[in-house]
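Just so you know, these numbers come straight off a predicted model, no measurement behind them.
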Amino acid sequence: DPTDASLEAVAFLTFLDGLDTLNTSTAGLVTSYRTEAGAREGMVADIKERALRVLSYVKSNLAWKNHVPGIKSLADKIRGNTPRRPVVPAPGETPASPEAKRRSQGEQSFGDIAENLQRLVAAVQTISGYAPAGSDITVPSLQTLATSFAAKNSSMATLAQQAGLSQRDRLDDYNDANGLREKMKAIKQAVRAQYGSGSAEYGQVKGIAL
């Protein structure tokens with residue numbers, strides 16, 4: 001019969017159910033982020049391979065010699081960009097923290113690839129007669145890839161924010177002033193106050209690790 005109604009059995013079990021739900025949803029967001037990160041890395045490998053093929057196709061026609069330097073510059077920028085493998089934001093991470101800054105730089109690298117890919121698409125569109133036999137390096141196919149990659153970067157940024165916020169909320173529910181740790185301490189104190197230090201009731205809870 002604690003003074004704090006939030007420590008009563010029904011209320012406390014409701015709180016624990018909420019923690020279970022938050023644990024599940026946070027784990028789902030983290031898993032989704034890691035899955036999407038792997039898919040994006042596959043897209044990057046595809047983009048780099050196609051950029052090389054575009055360059056080779058342009059080089060294969062001597063009439064397009066004047067276009068080679070511009071295409072090569074863009075292809076080199078795409079293929080030479082090696083973004084940091086993204087990781088899920090840490091609980092409570094602030095925008096100014098070193099890891100957050102590194103993450104921001106990594107996301108910018110993916111953004112640079114997207115920008116240079118779009119420039120590559122625009123560049124090949126200026127080449128009269130550009131009509132490769134390989135369907136995946138045609139202008140429509142490259143544009144579809146550029147659009148998909150830009151969308152992937154946007155969704156990854158949103159997912160990272162959602163995962164970070166969920167982790168922060170979960171950390172608070174465990175460790176803040178009204179979190180699980182403090183509730184457990186208060187429950188032990190309430191049981192000892194009601195039943196006494198030598199009681200069987202207190203003996204059931206006093207050894208619970210916090």
Side-chain angles (χ1 to χ4, degrees), residues 26 28-61 63-91 93-168:
T26 300
L29 287 169
V30 171
T31 298
S32 294
Y33 186 86
R34 289 172 177 164
T35 300
E36 292 302 309
R40 182 167 62 172
E41 288 179 357
M43 292 182 75
V44 168
D46 183 28
I47 289 169
K48 291 184 176 185
E49 171 62 17
R50 291 204 217 184
L52 179 60
R53 290 174 60 196
V54 167
L55 176 60
S56 296
Y57 177 64
V58 174
K59 282 183 174 181
S60 72
N61 189 338
W64 295 338
K65 187 175 181 179
N66 291 339
H67 292 282
V68 170
I71 300 296
K72 184 177 186 303
S73 175
L74 291 169
D76 287 348
K77 288 178 181 178
I78 291 171
R79 298 181 67 248
N81 194 324
T82 306
R84 173 185 296 272
R85 183 180 179 87
V87 295
V88 180
E93 180 181 281
T94 64
S97 68
E99 185 57 38
K101 289 181 179 179
R102 286 195 292 270
R103 191 188 326 284
S104 177
Q105 292 169 353
E107 289 299 329
Q108 183 58 49
S109 293
F110 287 109
D112 290 342
I113 292 176
E115 182 178 351
N116 285 316
L117 175 58
Q118 190 60 64
R119 289 178 178 176
L120 182 66
V121 175
V124 298
Q125 286 179 305
T126 67
I127 302 176
S128 178
Y130 181 89
S135 62
D136 48 354
I137 58 171
T138 61
V139 170
S141 182
L142 291 173
Q143 183 58 65
T144 297
L145 179 61
T147 301
S148 297
F149 189 63
K152 176 67 72 177
N153 285 337
S154 178
S155 66
M156 285 289 294
T158 299
L159 194 56
Q161 183 180 35
Q162 291 173 336
L165 289 174
S166 186
Q167 287 183 319
R168 185 199 64 188

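In this structure A150 satisfies the side chain to side chain contact (heavy atoms under 4.5 Å, CB included) test with no other residue, sequence neighbours excluded. For S148, the side chain to side chain contact (heavy atoms under 4.5 Å, CB included) test picks out M43, T144, with sequence neighbours left out. Remark: K48 pairs with no residue by the salt bridge (charged side-chain N to carboxylate O under 4.0 Å, His left out) rule, at least two apart or across chains. In this view, D136 and R53 satisfy the side-chain hydrogen bond (donor to acceptor under 3.5 Å, both in side chains) rule, not counting sequence neighbours. Listed by chain and number, the residues in a side-chain hydrogen bond (donor to acceptor under 3.5 Å, both in side chains) with N61 amount to none (sequence neighbours excluded). Partners of D76 by side chain to side chain contact (heavy atoms under 4.5 Å, CB included), not counting sequence neighbours, listed by chain and number: K72. In this structure Q143 satisfies the side-chain hydrogen bond (donor to acceptor under 3.5 Å, both in side chains) test together with Q118, T147, sequence neighbours excluded. Listed by chain and number, the residues in a side-chain hydrogen bond (donor to acceptor under 3.5 Å, both in side chains) with K152 are E36 (sequence neighbours excluded). Under the side chain to side chain contact (heavy atoms under 4.5 Å, CB included) criterion, T31 pairs with T35, sequence neighbours left out. Applying the ring pair (Phe, Tyr, Trp, His ring centres under 6.0 Å) rule to Y57 yields the partners W64, Y130; only residues at least two apart in sequence or on another chain are considered.
Screening residues 135-166 for ring pair (Phe, Tyr, Trp, His ring centres under 6.0 Å) gives no qualifying pairs among residues at least two apart or on separate chains. A side chain to side chain donor-acceptor pair (under 3.5 Å) check over residues 119-128, counting only residues at least two apart or in different chains, returns the pairs E115-R119.
To the nearest 0.5 Å, atom OG of residue S73 and atom CG of residue L120 are 10.5 Å apart. E49 contributes atom CD, which lies 9.5 Å from atom CD1 of I137 (distance to the nearest 0.5 angstrom). Between atom CD1 of residue I47 and atom CD1 of residue I78 there is a gap of 7.5 Å, rounded to the nearest 0.5 Å. Distance check: I127 CD1 to N66 CG gives 10.5 Å after rounding to the nearest 0.5 Å.
K77 places none of its side-chain heavy atoms less than 4.5 Å from the side chain of D112. Looking only at side-chain heavy atoms (C-beta outward), Q162 and S32 stay at 4.5 Å or farther from each other. The shortest distance between side-chain heavy atoms of L117 and R50 does not fall below 4.5 Å. Between N153 and R40, the closest side-chain pair of non-hydrogen atoms falls below 4.5 Å.
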Worksheet item: What do the steps show when you test Q167 against V30 for side-chain contact (heavy atoms from CB on, under 4.5 Å), and what is the final call?
Response: CA-CA 9 Å; Q167 287 183 319; V30 171; 3.8 Å; yes

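Test L74, L142, T138 against V54 for side-chain contact (heavy atoms from CB on, under 4.5 Å) and you get one pass: L142.
The nearest pair of heavy atoms linking S141 to S135 is CB-O, 3.2 Å. Scanning both residues, L29 and S166, for their nearest heavy atoms gives CD1-CB, 3.7 Å.
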